[in-house]
Amino acid sequence: MLQRDFFNRDPEIVAKALLGKTLVRKIGNKTLKAKIVETEAYYDDSDPASRACKGGDLRETMSMDAGTILVYGVHNNWLINFVTGKEGSAQAVLLRALEPLNFSERCNGPGLLTKALKIGKELHKKDVCECNELWLEDSGEKIEIASSHRIGVKKDLAKNLRFFAKGNKCTSR
DNA sequence: CGCCAGATTGACT
DNA sequence: GTCAATCTGGCGG
């Protein structure tokens, strides 16, 4: 299981390191497992794409400890992020796509994966390092990483902050 | 409380 | 490729 030190780094590093890791979601007596195949890094005020940096509760959540789960609602979908960096830095990594390991719902999109794993506001602000409903495991798998500009973001930075497993078919469009 | 933007998706040209 | 439905949070009145 991944500990806080894993998240306590630059979001770009965490986004890359997250690829290939196993996301475990426990619902009652069911356990769903999926491999992370696509992520995006988000920064603080210097990042115009992040609505979460505009203020309010989301900004506050992004400034919390690394490893905090941040659930963000847009266009009737929930998007899940993990807070990264040191406390107060307001940085996060967005999960964009997963490869299902022991179930078959499509997870090739940020809104789809939250739906498949039944992730909602209940997990907002929970600590992924100490949560018994959602956590991450190191699969030990090495992934070939590719990068691109972020998707769906209107005001993107001039930097490639989207990372995905090269050749994997479960990435978003 | 109303208005608006937005890190989306699915259907359609 | 384009388009609009649909919901939540932020902000102004």
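What's counted below: heavy atoms across the whole structure, side chains too, no hydrogens, waters or symmetry copies. Below, chain A is the first sequence line, B the second, and so on; all start at residue 1.
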Please name the nucleotide paired to B:dC1 by Watson-Crick or G-U wobble geometry with both distances under 3.5 Å, or report none.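 Here B:dC1 is engaged in a pair, and the nucleotide opposite it is C:dG12.
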Please give, in whole Å, the distance from C:dT8 P to A:His124 NE2?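 Whole-Å distance recorded here is 13 Å.
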Which whole-number value in Å describes the distance from A:Lys125 NZ to C:dT8 C1'?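 From A:Lys125 NZ to C:dT8 C1': 15 Å.
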Are [X] and [Y] close enough that a side-chain donor and a side-chain acceptor fall under 3.5 Å?
X        : Y        : answer
A:Asn77  : A:Tyr72  : no
A:Glu99  : A:Asn168 : yes
A:Ser172 : A:Glu38  : yes

Could you run down nucleotides 6-13 of chain B 5' to 3' and tag each one B, S or - for protein heavy-atom contact under 4.0 Å? BBBBB---
side-chain N/O A:Lys121 vs C:dG9 OP1/OP2, d < 4.0 Å: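 Checking C:dG9 against A:Lys121, a side-chain N or O does come within under 4.0 Å of OP1 or OP2.
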For the backbone of A:Ile151 and the side chain of A:Glu40, can you confirm whether one donor and one acceptor N or O come within less than 3.5 Å of each other? yes
Determine, for A:Tyr42 and A:Arg150, whether the Lys NZ or Arg CZ falls below 6.0 Å from the six-membered ring centre while staying within 45 degrees of the axis.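 Flagged: A:Arg150 positioned over aromatic ring of A:Tyr42.
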Ring-face cation contact, A:Phe6 with A:Arg9, 6.0 Å cut, 45° max: yes
